[in-house]
J.: 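Take this structure first; my questions come after.
Scope of the values below: all heavy atoms of this structure, side chains included, with no hydrogens, waters or symmetry mates. All ligand and atom numbering here is 1-based and tracks the order in the structure.
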Amino acid sequence: MPISEPLVAQMATALQEGGWCLATDFLPAPTIAALAADCRARDEAGELADATTGRSRLRTTTALRGDRTRWFDEAALSAAQTAYWSAMHTLRLTLNRRLLLGLETLEAHYALYPPGAGYARHRDRFRDHDARVLSSVLYLNHDWSSDAGGQLRLHLPESKQDITPTGGTLVLFLSAEIEHEVLPAHRERLSIAGWFRRRELD
Ligand code: OGA
Ligand code: MN
């Protein structure tokens, strides 16, 4: 999956300057459609589970977040997941070259927010654990109008930035710094949340 050099250069500059960046059409529409179909099929098969917060994957806290998730298994990726994984791999290497972030691994899950579900304001880096460096979200809904809600709201030092979760849009932000939330949507909202991690010292 070729990611254009000028695009990555722009993303790297934005990350460096403001701690976040966005790319539309990060993957081709057929790949996004295949990922959405894969996510929905797994949900229908009962493979998505109520999401958890904090490091323990055992706690469920529906008051904080209302999505259902399924972690990607690197050893058993579907065809659609492989396209995602390899694009993120290329992105990781290119960002490392430009920003010296030392990103080493990726963890990712599908997230399905039923209508009305959101995710309260939070940061992604766990308090007791600092391996998550860069957060990413790739949106999978083919069409999304802003009156459907479901925006990702970034709380930046001096402003708020709302991002419409349109299929193919990828957003990246620094996991330790940027607080964010998911506003409730009137329709089902699909995405892949991914975190690039650096080497764990323990
Ligand atoms: C998360 C998250 C944002 C989104 O999963 O931690 O903040 O837009 N997701 O789905
Ligand atoms: Mn988050």
J.: Decide whether an N or O pair under 3.5 Å exists between Asp124 and ligand 1.
T.: yes

J.: Tell me, please: is His122 in heavy-atom contact with ligand 1, that is, under 4.0 Å?
T.: yes

J.: Starting from atom 3 (C) of ligand 1, what is the nearest protein heavy atom, named by residue and atom, and what distance separates them?
T.: Val182 CG2, 3.5 Å

J.: Calculate the angle formed at the Mn ion (ligand 2) by NE2 in His180 and NE2 in His122; 10° precision is enough.
T.: 90°

J.: Are Tyr84 and Ile192 side-chain neighbours, meaning at least one heavy-atom pair lies under 4.5 Å?
T.: yes

J.: Do His109 and ligand 1 have an N or O pair less than 3.5 Å apart?
T.: no

J.: Please indicate whether any nitrogen or oxygen in Trp195 is less than 3.5 Å from any nitrogen or oxygen in ligand 1.
T.: no

J.: How about Thr169 and Thr24: does a side-chain donor come under 3.5 Å of a side-chain acceptor?
T.: no

J.: Centre-to-centre under 6.0 Å for Phe72 and Tyr110, is that the case here?
T.: yes

J.: Check for me whether Arg189 meets the cation-pi criterion with Tyr113, that is, NZ or CZ under 6.0 Å from the six-membered ring centre and within 45 degrees of the ring axis.
T.: yes

J.: Under 4.0 Å from a heavy atom of Tyr139: which atoms of ligand 1 are those, numbered in the order shown and with their elements?
T.: 4 (C), 8 (O)

J.: Nearest protein heavy-atom contact for atom 10 (O) of ligand 1: which residue, which atom, what distance?
T.: Arg189 NH1, 2.9 Å

J.: Look at atom 1 (C) of ligand 1 and say which protein heavy atom is nearest, naming residue and atom and giving the distance to 0.1 Å.
T.: Tyr119 CE1, 3.7 Å

J.: Does a sphere of radius 6.0 Å around NE2 in His142 hold more than 12 heavy atoms from other residues, nucleotides or ligands, not counting ones at 6.0 Å or beyond?
T.: no

J.: If you consider just the N/O/S atoms, which atom of Asp124 is the closest one to the Mn ion (ligand 2)?
T.: OD1

J.: Is the closest side-chain donor-acceptor distance between Glu181 and His155 under 3.5 Å?
T.: yes

J.: Is the closest side-chain donor-acceptor distance between Asp147 and His186 under 3.5 Å?
T.: no

